[in-house]
Undergrad: 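I have a structure here, written as structure tokens, and I will follow up with some questions on it.
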Amino acid sequence: MMIQKQKTIIIYSVVALLIGVAVVGNLFSKEFNWSSSDFLIAGIILLGTALIIDTIHRIVKNRTYKFLLFIAVLFVMILIWVELAVGFFGTPFAGT
């Protein structure tokens, strides 16, 4: 069984891996064109999500509630990401 510190390291390592993939994609692909502000916003969204998931993991003891909260947090993160990327809902955050 993993200890809490190992689980926390895994959660934040996923964030680092995702940002690393984005950096590599930005370096080697012409279709992947992120600016430094794009990386900053992605980092804030991903680190914020990781922080919330880590907090839920530490506080909530019931596995069912924990799983449902993880799904809800990830769903909200995906909705925010989609809105910022393509303006799906047409809010001012997407630049429309």
Side-chain angles (χ1 to χ4, degrees):
M1 197 160 161
M2 293 175 40
I3 60 174
Q4 182 64 38
K5 188 172 184 173
Q6 290 172 332
K7 292 177 185 178
T8 301
I9 290 171
I10 289 172
I11 290 170
Y12 291 105
S13 295
V14 169
V15 172
L17 178 69
L18 289 172
I19 293 293
V21 167
V23 169
V24 170
N26 205 31
L27 290 174
F28 296 111
S29 175
K30 291 182 178 155
E31 290 84 21
F32 202 105
N33 189 19
W34 279 18
S35 66
S36 57
S37 63
D38 293 331
F39 282 104
L40 178 67
I41 291 169
I44 290 169
I45 291 171
L46 291 172
L47 282 174
T49 302
L51 180 66
I52 292 169
I53 286 175
D54 188 34
T55 304
I56 290 169
H57 185 69
R58 291 173 191 253
I59 294 174
V60 178
K61 300 299 180 204
N62 187 324
R63 293 182 80 189
T64 304
Y65 293 145
K66 190 182 294 192
F67 178 75
L68 291 174
L69 286 171
F70 287 165
I71 296 298
V73 168
L74 291 174
F75 182 71
V76 169
M77 186 217 50
I78 289 169
L79 286 177
I80 291 170
W81 195 285
V82 167
E83 176 60 23
L84 291 175
V86 295
F88 188 74
F89 302 110
T91 65
F93 296 114
T96 58

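The model shown is predicted, which means the values in this text are computed figures rather than measured ones.
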Undergrad: For residues 9-58, which residue pairs qualify under ring-ring contact (aromatic ring centres under 6.0 Å, His included), counting only residues two or more places apart or in two chains?
TA: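 Non-adjacent pairs meeting ring-ring contact (aromatic ring centres under 6.0 Å, His included): Phe32-Trp34, Trp34-Phe39.
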Undergrad: Quick one: does Ile3's side chain get under 4.5 Å of Gln6's, heavy atoms only?
TA: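 Sidechains of Gln6 and Ile3: in contact.
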Undergrad: Just to verify, what does Ile78 make a side-chain contact (heavy atoms from CB on, under 4.5 Å) with, not counting sequence neighbours?
TA: Val82
Undergrad: Hey, could you give me each pair passing salt bridge (Lys or Arg N to Asp or Glu O under 4.0 Å) that has a residue in residues 13-40? Not counting sequence neighbours.
TA: none
Undergrad: Pairs in or reaching into residues 64-88: which pass ring-ring contact (aromatic ring centres under 6.0 Å, His included), with residues at least two apart or in two chains?
TA: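 As it turns out, there is no ring-ring contact (aromatic ring centres under 6.0 Å, His included) pair with a partner in residues 64-88 once direct neighbours are skipped.
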Undergrad: To the closest 0.5 Å, what do you measure between CG (Leu47) and CD1 (Ile52)?
TA: 11.0 Å
Undergrad: Under the 4.5 Å side-chain heavy-atom rule for ILVMFWY, direct or indirect, which residues accompany Ile59?
TA: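 When side chains under 4.5 Å apart are linked, Ile59 ends up in no cluster with other residues.
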Undergrad: Could you name each residue pair satisfying salt bridge (Lys or Arg N to Asp or Glu O under 4.0 Å) that touches residues 53-67, not counting sequence neighbours?
TA: Asp54-Arg58
Undergrad: Quick check on the hydrophobic clustering: are Val21 and Met77 connected, directly or via other members, by side-chain heavy-atom contacts under 4.5 Å?
TA: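 Different clusters.
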Undergrad: If I take atom OG from residue Ser35 and atom CD1 from residue Ile41, how far apart are they, to the nearest 0.5 angstrom?
TA: 7.5 Å
Undergrad: Measure the spacing between CD1 of Ile80 and OG1 of Thr91 and express it to the nearest 0.5 Å.
TA: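 With rounding to 0.5 Å, CD1 (Ile80) is 10.0 Å from OG1 (Thr91).
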Undergrad: Residues two or more places apart in sequence or in another chain: which of them pass side-chain hydrogen bond (donor to acceptor under 3.5 Å, both in side chains) with Thr64?
TA: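 So Thr64 forms no side-chain hydrogen bond (donor to acceptor under 3.5 Å, both in side chains) with any residue.
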Undergrad: According to side-chain hydrogen bond (donor to acceptor under 3.5 Å, both in side chains), who are the partners of Asn26, at least two apart in sequence or on a separate chain?
TA: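 side-chain hydrogen bond (donor to acceptor under 3.5 Å, both in side chains) list for Asn26, sorted by chain: empty.
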Undergrad: List for me each residue that meets side-chain contact (heavy atoms from CB on, under 4.5 Å) alongside Leu74, sequence neighbours excluded, and say none if there are none.
TA: Thr49, Ile53
Undergrad: Could you pull out the closest heavy-atom pair between Val15 and Leu46, with the gap in Å?
TA: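 Nearest pair, atom of Val15 first, then Leu46: CG2-O, 3.6 Å.
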Undergrad: Rounded at 0.5 Å granularity, tell me how far CD1 in Ile56 sits from CD1 in Ile11.
TA: 9.5 Å
